[in-house]
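So the structure is just underneath, and the comments pick up after that.
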Amino acid sequence: MRKITEVFLLLVVCSCTNKLPQKPTEHFDEVRVIEPIRTIELEEYDILQPDEFVRYKEWYVFLEIGEGNQVKFLNVDSNKVIEGVRVGQGPLEVYGFSTIDVIDDSLCVIGYNQKKILVLDVEEDGLKITSRKTNRLIRPKCFIDNERYIESGWEDSCICRVFDLKGEKLSMLPYPQRVSLSEYEYLYQNSIYKNTLYAVSPDKTKYAFGLRYIQMMGFGSIVRDSLTLDKLYEYAPILIYDFVPGESPQIAPAKDNICNIKAVFGTEDYVGFIYSGARYDDFVTFGRSILLYKWDGTPYIRLDVDDNLKYALYDKDRNVIIAISYAPEAKLVEYDMTGIIDVD
């Protein structure tokens, strides 16, 4: 059995006491307002509640919220829509929360807490679905490649863990040493890092994460089967409260917390975060700023938009950022990155 690697960190956490601003949006010297160069109304294709999407060959592939067919393929040029992967417990179905990803040129749908990955492809006679079994219930946050993925670390009291598809735990990334950690924060750490979004660089050497409900981002390296945490920005204190005083602590985010990240995506040189900035109790599910950092954590540029962004990715072939927006109906919006992201 492969030995589990735990990387112990002596990390200096950047915090507001180190002259960081209170919000990540204030960390950027350059700010631009950008407008979409193209809008695709998804309601016209009966795509009503897309949660995330990928580009696969000539298709936009959406993961939808709700019952019925969870995956919808859209070819805008031909106006063709293909539906597939129903919600259920059959061999070619998924249940619960799922995610979709292109892993080493294969389009994969991963049902949360299931021992399988569905591999999809579009053929002349329709959608082909095959099932790839795994040895454990998988709950991936992000895939590194077709054999390894990042999963939440709450079961092992760490930030995250790396597994292979055989079910073997390869490494754990421990919590950073934070001098400001209170007793309640220590108890709440598992919940804090459980709601974390990840992205991996195209060359598989870097990764980054952003917390959904806490003003915190991390940047690190992928070294064989382990993750290092090279830089952690803690922009504002974690506001939490015990809502059952006098009993065993029942910890939750305070209402005044500012929500942070709605999506994370990568380019060759940068990692992008869709930033919310709304109060925790406002239940806002979108952001209006795209924050681009270099993979080492250096702030690059803030892009402000007039759209309600929920999820985004970068299309290198066309040098555009493509995002799901709700206004209130779902649509795709594309932003030209000419002069912002250089393409070799």
Side-chain angles (χ1 to χ4, degrees), residues 14-16 20-28 30-36 49-53 63 65 97 99 141-142 152 159-160 185 188 191-199 207-219 232-241 251-267 270-293 297 299-314 321-335:
C14 300
S15 68
C16 53
L20 271 182
Q22 289 288 300
K23 295 182 180 180
T25 47
E26 301 168 357
H27 201 178
F28 295 82
E30 185 174 358
V31 179
R32 295 191 197 180
V33 178
I34 57 175
E35 297 181 355
Q49 299 185 73
D51 190 51
E52 58 183 89
F53 76 107
L63 190 66
I65 300 172
F97 296 100
T99 188
K141 290 288 187 178
C142 179
S152 172
I159 293 178
C160 62
E185 285 181 303
Y188 191 58
S191 296
I192 289 173
Y193 289 102
K194 190 175 181 180
N195 293 294
T196 303
L197 301 174
Y198 293 82
Y207 78 100
F209 64 79
L211 277 68
R212 285 183 182 270
Y213 305 120
I214 306 297
Q215 306 278 290
M216 192 182 295
M217 282 95 148
F219 306 84
L232 183 68
Y233 291 137
E234 185 181 333
Y235 288 100
I238 301 170
L239 304 176
I240 53 182
Y241 74 104
I251 310 297
K255 295 179 179 179
D256 290 335
N257 261 328
I258 301 300
C259 291
N260 194 30
I261 301 304
K262 296 302 176 185
V264 186
F265 63 94
T267 78
Y270 307 106
V271 55
F273 299 86
I274 294 180
Y275 177 75
S276 168
R279 278 169 49 100
Y280 176 78
D281 61 346
D282 286 341
F283 302 105
V284 175
T285 59
F286 59 80
R288 289 193 167 187
S289 291
I290 302 171
L291 312 180
L292 291 182
Y293 294 78
Y300 172 51
I301 190 170
R302 185 183 100 203
L303 305 173
D304 290 342
V305 303
D306 194 28
D307 298 290
N308 301 328
L309 306 184
K310 183 174 183 179
Y311 191 86
L313 56 80
Y314 174 68
I321 290 175
I322 311 171
I324 295 174
S325 175
Y326 280 87
E329 293 78 16
K331 60 183 179 180
L332 281 185
V333 288
E334 298 183 355
Y335 303 99

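Applying the ring-ring contact (aromatic ring centres under 6.0 Å, His included) criterion to F209, with sequence neighbours excluded, gives Y198. Considering only residues two or more places apart in sequence or on other chains, Y335 meets the ring-ring contact (aromatic ring centres under 6.0 Å, His included) condition with none of them. Shown here are the side-chain hydrogen bond (donor to acceptor under 3.5 Å, both in side chains) partners of E30, two or more places apart in sequence or in another chain: R32. Taking A208 as the reference, F219, V271, F273, W295 meet the side-chain contact (heavy atoms from CB on, under 4.5 Å) condition, with sequence neighbours excluded. For F28, the ring-ring contact (aromatic ring centres under 6.0 Å, His included) test picks out Y293, with sequence neighbours left out. Applying the side-chain contact (heavy atoms from CB on, under 4.5 Å) criterion to L63, with sequence neighbours excluded, gives E52, Q70, V71, S98, I100. S289 meets the side-chain hydrogen bond (donor to acceptor under 3.5 Å, both in side chains) test with D304; sequence neighbours excluded. Considering only residues two or more places apart in sequence or on other chains, D306 meets the side-chain hydrogen bond (donor to acceptor under 3.5 Å, both in side chains) condition with R288.
Residues K310 and A263 share a closest heavy-atom pair of O-CB, 3.8 Å. For A312 against I274, the heavy-atom pair with the smallest separation is CB-CD1, 3.6 Å. Residues V264 and A199 share a closest heavy-atom pair of CG1-CB, 3.4 Å. A pairwise comparison of heavy atoms in S152 and K141 identifies N-CG, 3.8 Å as the closest pair.
Inter-residue side-chain proximity for Y314 and I321 is flagged as met; some heavy-atom pair is nearer than 4.5 Å. Contact of the L291 side chain with the M217 side chain is registered, since non-hydrogen atoms from C-beta on lie closer than 4.5 Å. Contact of the P24 side chain with the Y233 side chain is not registered, since no non-hydrogen atoms from C-beta on lie closer than 4.5 Å. In this structure, the side chains of T196 and M216 stay at 4.5 Å or more apart for every pair of heavy atoms. Counting heavy atoms from C-beta outward, P36 and D307 have side chains that approach closer than 4.5 Å. Between I261 and L211, every side-chain heavy-atom pair lies at or beyond the 4.5 Å cut-off.
For the atom pair CD1 (I290) and CZ (F265), the distance works out to 5.5 Å, reported to the nearest 0.5 Å. Between N260 atom CG and T25 atom OG1 the span is 9.5 Å, to the nearest 0.5 Å. Rounding to the nearest 0.5 Å gives a distance of 13.0 Å between NE2 of H27 and CZ of R302. K262 contributes atom NZ, which lies 6.5 Å from atom CZ of R212 (distance to the nearest 0.5 angstrom). Taken to the nearest 0.5 Å, the CG atom of L232 stands 7.0 Å off from the CD1 atom of I159.
Proximity of a side-chain donor or acceptor of S325 to a complementary backbone N or O of N308 within less than 3.5 Å is detected.
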Before you tell me yes or no, could you show the steps for Y311 and D51 under side chain to side chain contact (heavy atoms under 4.5 Å, CB included), namely the whole-Å CA-CA distance, both residues' side-chain angles and the distance that decides it to 0.1 Å? CA-CA 7 Å; Y311 191 86; D51 190 51; over 6 Å; no
All N/O donor-acceptor pairs, side-chain side in residues 326-333, below 3.5 Å, sequence neighbours left out:
from	atom 1	to	atom 2	distance (Å)
Y326	OH	P50	O	2.8

